[in-house]
Structures are given as structure tokens and as C-alpha cells.
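So the structure is just underneath, and the comments pick up after that.
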Amino acid sequence: MNRGFRVFLVGFILLAIIFSFSYIYTTQRVDDLKAKKYLEISKEMRNDLELLIREKSEAVLLVCLTLSEDKIVKKIIRTKQYSKLALNNLSSLLQKYTSLDNVWFQIIDDNGVSVYRSWTSQKGDNVASIRLDVAKMIRLPKVMSTISVGKFDLTFKAMVPMSNKYGRFIGMIETLAKFNSLVAKLESKGYETLIVVDKQYKKQLTRSSSGIFINGYYIANPHSNEHIFNILKKRNVNYFTEIDGYKIDERNGYIFTLVKVDGMDNRPMAYFIISKPLSEIDISEIYQTRDNIIKTLVLIFFFLLLFLYIIYNVNYKRFIQQQNEILEYAVEEKTEELQKQSKKMKYLAHHDALTALPNKNLFLDRLKQGIKHAKREHQSLAVLFLDLDRFKEVNDTYGHDVGDELLKNIAIRLLACVREDDTVARIGGDEFTVLLPNANQVSVIKVIEKIFDVMRKPFLLLGVEIHTTFSVGVSVYKQDGENPDILLRNADTAMYKAKDSGKNTYQFYNEKMTELVRKRLELDADIRNGLRKGEFEAYYQPKIDATTLRIVGLEALIRWKHPTKGLLYPIEFIPFAEEIGLIVEIDRYMLEHCVKQLVEWRAVGYNTGKLSINISTKKLESEDFRSELYQLVEKSRVDTKFLELEILESQIMKDPERSIDILRSIRSLGISIAIDDFGTGYSSLSYLKKLPVSQLKIDRSFVMEIPEDEDDAAIVKTIIDLARNLELETIAEGVETEGQVEFLVQAGCHNIQGFYYSKALSKVDCEAFMKKYS
Ligand code: C2E
Ligand code: CA
Ligand code: CA
């Protein structure tokens, strides 16, 4: 829950509390107002009644006073001569001309004897003995105006004393009036009034008018007000007599108020229960006020709510904005990281890890762009394909660490030879490429010469000094191709041509080269095919002891009976087979084939001497060579003392320690080892001593010019002496003349191989030769 929302919630709750209190207050206030209104109305009701009572009392008194001045009355009381007729007239006049209904009068003399009663003919009785007020008047004549309860009912009563002309008290006149007219008057004002006389008067009301008592209370006017009378009947009279101010009867819909009249003894005498239907009291104003207040409150509430909402919204927006900012920042950071990572990945994907130069992909991409540009600008473009000469030797001789260092240093030197716009890439082990935009033949040659120049300086790496050179092929857009792959391939082809023509050279591509490549590919497939079909054959060149003219051995030399090209010599396929590794298969083929032949020949008794088989370095170094040899020997049951392997001096000396190991295991099988082409491979004497070899084959190049060439003659002699000292046999190869034979024999080498005795022979021819020379 965010801060904005919390503020909003707290605000809402506070508002709701305030609103609730306001509502309660308002409702209470309405009740107060209602109470006030009721109080006012009840007061008004009471006032009205009290006014009427006073008016009536006064009226009754006035009538009494008027009567006291009346001549007839005066005469009657003075003379005590009663004229009934005159009085009755007076009485009816009174009834007729006053506003008072039911008004009566009585004349009482100074002894308290009732002289005349207008409502009955009874007279002559002494009332002073039963009425305190009359006795009081006789004792102390004084105008009196009271409300009292008599035998009949509750009445207004006024008494006025009368005197003669001497001022002596002679009697009194009393007027009486009932309350009924009062009730009628109140009714015209909308009140209904019930007159109830206190229960202490029950006994006195011996001749009550209505005759209705409830709980001892006398109900003076039950029929003028049935409603209230019925309520009274249901409820206790006390319910009304105890009213203080007003009472609301919600059930029946009335407001009640009470006017209490005390008697002369100050005890309650009569009760006027005044009522008015609630429906006639207009309190709509109050409700309207209340409604207005509530409306205003609701309005304020919603307004504040809106205000809060706006504040909340602003806050919330700010909060969201903050969150967004945080999120944005995080996303930005992550994106940056990813970008960095992808940059790194991109870099790795497009660069060579060792030299940090662009890799093949990037080079091809640049080449593509370069071609586009060249096309647009009608320019040319050159691709240089550089291949290190003898890099493998460096690796084999000094190890991969040195090899890696060499590549790194070469990269640095190459970069120094080109312009900024040019691209130098490493696309393979020891293969580099250079892209030269807008270059012509002259500028290309300049760059190449610059490269050759920087490469002349030896590299000093991890304590060893290394000389290395490049063979470079060049292809040019657009004469040599119009797309990256073709240009690169053609530069590669040109590079091969450069390699063929003697390394540390460069070669511009021409179409004939493609033809060469095509031929190589064909050759590859052809060799494999030939091996499968057994198109290869061994020819055997005899080795002769010049002193005895007997065969001392045979060298197996491979020939290819090609189905379309005829008989092919090793020079036409062995170098290529070495290059692409197929030589391993060829050597295995020859080993199996020749061992089988040897076993056969020995079985039938041919004097073969030692049969020697040429083994390439690749074969020698191949992992399974030893086991292959063991298996072959075991399987064929060949007599290994007639078996010899020829290994090139240059190959053995590459890694003499390792060679010693392999050669020992060959030797342990009883197989002899001859060092081929001896004299060309810079043998180290110390190693020569350790190697388990039995024969040195003096290379043909030294034999060719002897005895004429003194240098060669000296070399040959030296080799022969060396071999004798090391207790090794020697054999000279490529011997073609008698002079050569003579020289060699004299020098101490009587084993001769060469055309002088025989070229390499087919199986059949060799068998004939063996028969002849054994
Ligand atoms: P290499 O081992 O030095 O074999 C001797 C080569 O000298 C053979 O050529 C042979 O015919 C030739 N030769 C012998 N006497 C004379 C001579 O008096 N005058 C001249 N001009 N040449 C003579 P070839 O058979 O063409 O073999 C060439 C090379 O091919 C061999 O040189 C050997 O290195 C390789 N080679 C031949 N057969 C095999 C093979 O089965 N396996 C392997 N790995 N290499 C083989
Ligand atoms: Ca050989
Ligand atoms: Ca040789």
C-alpha cells in the first residue's frame, strides 16, 4: 500500500467519522427543535385556556357585579320581598344577553339564607352553614371570584356583597357558570379539551352532571371530546395529570398539555387536558432545515472526498512516477549490461581470440561491404591470402605456446604493413587474409613486399629465435571474382600455387589455378576410390651387393594402375596424399600388401633379402601405428628379420626423442630401420648414436655427381665413415653408372640400389630377377 493511498484512506475514515457526528448532531438538533416547537405550542395552548378562564371568570364576575347593582335585586334583598317573576325574567335576560351559556345566579341574605336560585325553585335554606365561602362573606364582605366544585360540576363562581345606603351588609349575589362553553371555544382554535375534576371531590359531586368517573376522577365533558376520553379510559388518569409542559402520544398522534387549577385549600381541584393532533402541527420547516443541513453535509462530504481523491491521485501519480523512474533506471542498467554483453559476444563472434584480429566471418562481411563500395565507385579491390610456411614445424618443434606467440607477433607485424582502411584477419591456424580496398597490382605488390620485409627479421619468442615466411596468393575484384567466397577461394588457390613454386613468394590468381584446384579435388576422390578398388600396386627395386652381385634387399615403391591415366608414379600423388593426410591410408595399404607378398615369397623360397617399406611421418606418428604393426606381424606370421622400414632423415630429426621411442618399439618386433635420404636432414650425431637404426641410405642427390663432383664425393665418403664408426650399414641409392659403383665400393659402401642394376619391378618381373640373382 503506497503512501498516497494511506493518506486517502485515513482522510476518508476521518471524514466519515465527522460526517457521522454531524448527522447525529443534526438529528438531535431536530429533536431539540421539535421539543422547542412542542413546548411553544403547549404553552400557547395553555395560554389560550388560561386566557379563556380569566375572561370567563371576569365575565362571570362582571355579571355578578352588574346584578349586584340591579334595582330589582337590590330591592328584593333590601325589602326581602321576593318577586319570583321579576327574578325569573332577570334570569332569562341574563341567559339571553350575555355571552355566557349556562349562567345562573343565587341571592343570599345577610344571614346566609338562599333567597333565590335561578336554576331551581328551592330556597329558604341556610347555605352559610354548609358553605365556607358564604360564611366568610358574611363575616368579611368582599368580592370573590373563584372556580369551584359544587354538587353538580366544576364551575366559575363570583360573589359580590351588597349593602344598603348606609353601607350595611345586607346580603350577597352569586353567579355561576359551567365550563362547557370554554371547551367549545378551544375547539374552534383546534384544541380538544377534557375537563377532569380531582378525585377528592368525588363525594361532593353528589349530583354530577355527566355522572362519569374514572379512577375516582370526575370527567366533566366526556362527550365533547370522545377521542381524548377514549385515550384517558385506556391509560391511567395519572398519565395526564402528571404532565409537565407537554406530552407527545406518538401512537395516537396527539400532543397533550395540562392546565391545573387549585382549589381554595391549594390542593389540586381540576385538570384541563388540552390536546391537539400532531398532524396539525407544522414541523416540516424543521425537517426541511434538517434536510438542508444533511444535503449540505453530503455535499461537503463528497467535495472533501473529491478533494482527497485528487490529493491521493496526485500522490499516487507521483508514486507511480517514482516507481517508474526506479524501474526505468533498473531497465536502463540491465539494458546497458546486456548491450555490453552483446557487444562482447559480438566482438567474440567476429574476432579471433588469440590475435584479436577479425575472424573469417568478419573478414567476409568486410569483403562484402568492400565489394559493394568498389562496385559503386568503379574501383578494384584485392584479397591477400597469406599462409605461413612450415608453421607446423614450428609447432612440432617448439610446442604450441611458441606457435601461439608467433601468431600473435605476426599479427602485430602485419597490422604495421597496412593502412587503416585495410583489414587484416586470421581465418585459420596459420592463415591470414588482408583486404586492400581500391588497390591495383602495383600497390598490392608494395604491400606484399612490405610484409616479406617485416617477416625477414627473426622472431624472438620465449627464448627461441624463429624464422618464418609467408606464401601469398592474391585475387582482385572484379576480374578474379565478384563475390566474397569466390575471391577468397581464388586467393587461396593462388597461395597454393605460390607454395608450390617455392615458398616465400606471392602469386596473383589466374584461371588455370582453378583448374589445379579442381584437379586436386578430383585426385582426392580418385585416391580413395583407388584404395577401395585395389588400384595401387607395389613395385620392387632390388638392392644389390656389388661385391657378390647378390640381392640383399628389395624396396617396395608404390605404383598406381589408374583406370584412365595409366601407370602413375608416386610424385603424382604422394605429396598431395601427404598434404591431405591420405598417406596414412596408403601406407597401411602398402604395409599389408607387402608383408603378405613377403610371406608368400619366403614361403616359396625366394631370396628376397630384406623387404623395405617407406613409411611417412604421418603414419609413423599416427596413434594406432604400433598396434597396427603388432597385429600385422602377429597375423601374417612374417619373419620380421626380413622386414625393414625406411624413414626419412628429416622426419626423424624433427623430434628425435619421440622418434627414438617409436623406433624402439618397431625394433623390438625385430623389424630393421633404415634412414632414408640420409645427408639432407641435418642429423645430430648424438641422436644418431642413440637411434635404434641399422642402415643409412645415402641420398641420391649426393650419388648423382660422383665421382666427378669432389664435394659430393667427400660427403659420401664422410657418410660412409660415419656409418662405419656407428656400426651402421650403408646403402647408396640412385646409382646409375659403373663409375659410381666403383667409387662407392672403394669408399666402403657395397650395397647399391639404382637403375645401374635395376629399376623398380612389378611382382612378376621381380620374381624373375630374384631367380636370376640368387
Ligand atoms: P625414395 O624412397 O627415395 O625412393 C627412391 C626413388 O628413387 C624411387 O622413385 C625410385 O624409383 C627412384 N630411383 C631408384 N633408383 C634410381 C636411379 O638410379 N635413378 C633415378 N633417377 N631414380 C631412381 P619413386 O618410385 O618414383 O618414388 C619416389 C618417392 O616416393 C620415394 O622416394 C618415396 O619417398 C616415395 N614413395 C614411394 N613409394 C612409397 C610408399 O609406398 N610409401 C611412401 N610413404 N612413400 C613412397
Ligand atoms: Ca625409400
Ligand atoms: Ca630415398
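All ligand and atom numbering here is 1-based and tracks the order in the structure.
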Just heavy atoms, cut-off under 4.0 Å: does Lys759 contact ligand 1 by side chain, backbone, both, or neither? neither
Heavy-atom contacts with Gly754 under 4.0 Å: which atoms of ligand 1 show up? List them by number with element. 15 (N), 18 (O)
Determine whether the side chain, the backbone, both or neither of Asp587 has a heavy atom under 4.0 Å from any heavy atom of ligand 1. side chain
Could you see which bit of Gln753 sits under 4.0 Å from ligand 1, with heavy atoms only: side chain, backbone, both or neither? neither
Is any side-chain N of the basic residue among Glu733 and Arg700 closer than 4.0 Å to the acidic one's carboxylate O? no
For the Ca ion (ligand 2), does an N/O/S atom of Glu555 lie at less than 3.0 Å? yes
Is any side-chain N of the basic residue among Lys697 and Glu646 closer than 4.0 Å to the acidic one's carboxylate O? yes
Test Tyr569 against Tyr539 for ring-ring contact (aromatic ring centres under 6.0 Å, His included), laying out the working first. CA-CA 10 Å; Tyr569 283 83; Tyr539 271 51; 7.9 Å; no
Scan Val418, Leu415, Val383 and name whichever one has a side-chain contact (heavy atoms from CB on, under 4.5 Å) with Val434. Val418
Nearest option to atom 23 (C) of ligand 1, as decided by whichever heavy atom of Phe755, Tyr589, Phe573 sits closest: Phe755
Could you tell me whether Asp639 and Arg602 make a salt bridge, using a distance below 4.0 angstrom between a side-chain N and a carboxylate O? no
When you measure from the heavy atoms of Arg700 to every atom of ligand 1, does any distance fall below 4.0 Å? yes
Taking only heavy atoms of Asp677 into account, list the atoms of ligand 1 that are under 4.0 Å away from them. 3 (O)
For atom 40 (C) of ligand 1, which candidate among Asn614, Leu557, Ile583 provides the closest heavy atom? Asn614
Apply the test salt bridge (charged side-chain N to carboxylate O under 4.0 Å, His left out) to residues Asp492 and Arg489: give CA-CA distance (whole Å), side-chain angles for both, the deciding distance (0.1 Å), then the verdict. CA-CA 5 Å; Asp492 188 14; Arg489 201 178 67 210; over 6 Å; no
Return the option from Ala674, Pro570, Pro575 holding the heavy atom at the smallest distance from atom 26 (O) of ligand 1. Pro570
Pair Phe363 + Phe432: ring centers closer than 6.0 Å: no
Measure from the ring center of Phe642 to the ring center of Trp601 and say whether it is less than 6.0 Å. no
Those atoms of ligand 1 less than 4.0 Å from some heavy atom in Glu555: 2 (O), 4 (O)
With rounding to 10 degrees, what does the angle Glu646:OE1 / the Ca ion (ligand 2) / Asn614:OD1 come to? 90°
Nitrogen or oxygen of Gln541 less than 3.5 angstrom from that of ligand 1: yes
Under 4.0 Å from any heavy atom of Arg559, which atoms of ligand 1 are there? 11 (O), 25 (O)
Given Lys619 and Asp587, is the salt bridge (charged side-chain N to carboxylate O under 4.0 Å, His left out) satisfied, shown in steps? CA-CA 7 Å; Lys619 184 75 194 167; Asp587 283 355; over 6 Å; no
Ionic contact status for Asp453 with Lys446, cut-off 4.0 Å: no
Enumerate the atoms of ligand 1 whose separation from the nearest heavy atom of Met590 is less than 4.0 angstrom. 41 (O)
Is the closest heavy-atom distance from Gly734 to ligand 1 below 4.0 Å? yes
Give a yes/no answer: is there an N/O/S atom of Asp676 under 3.0 Å from the Ca ion (ligand 2)? yes
Working note: Glu628 + Arg588, criterion salt bridge (charged side-chain N to carboxylate O under 4.0 Å, His left out); need CA distance, chi angles, decisive distance, verdict. CA-CA 9 Å; Glu628 205 181 300; Arg588 181 198 295 141; 3.5 Å; yes
Under-4.0 Å heavy-atom contact with ligand 1, by part of Ile571 that carries it: neither
Could you point out which residue of Gln753, Glu555, Gln695, Lys543 forms a side-chain hydrogen bond (donor to acceptor under 3.5 Å, both in side chains) with Ser612? Lys543
Pick one of side chain, backbone, both or neither for how Lys619 approaches ligand 1, counting any non-hydrogen atom pair under 4.0 Å. neither
Please determine whether Ser612 has a backbone or side-chain N, O or S atom lying under 3.0 Å from the Ca ion (ligand 2). no
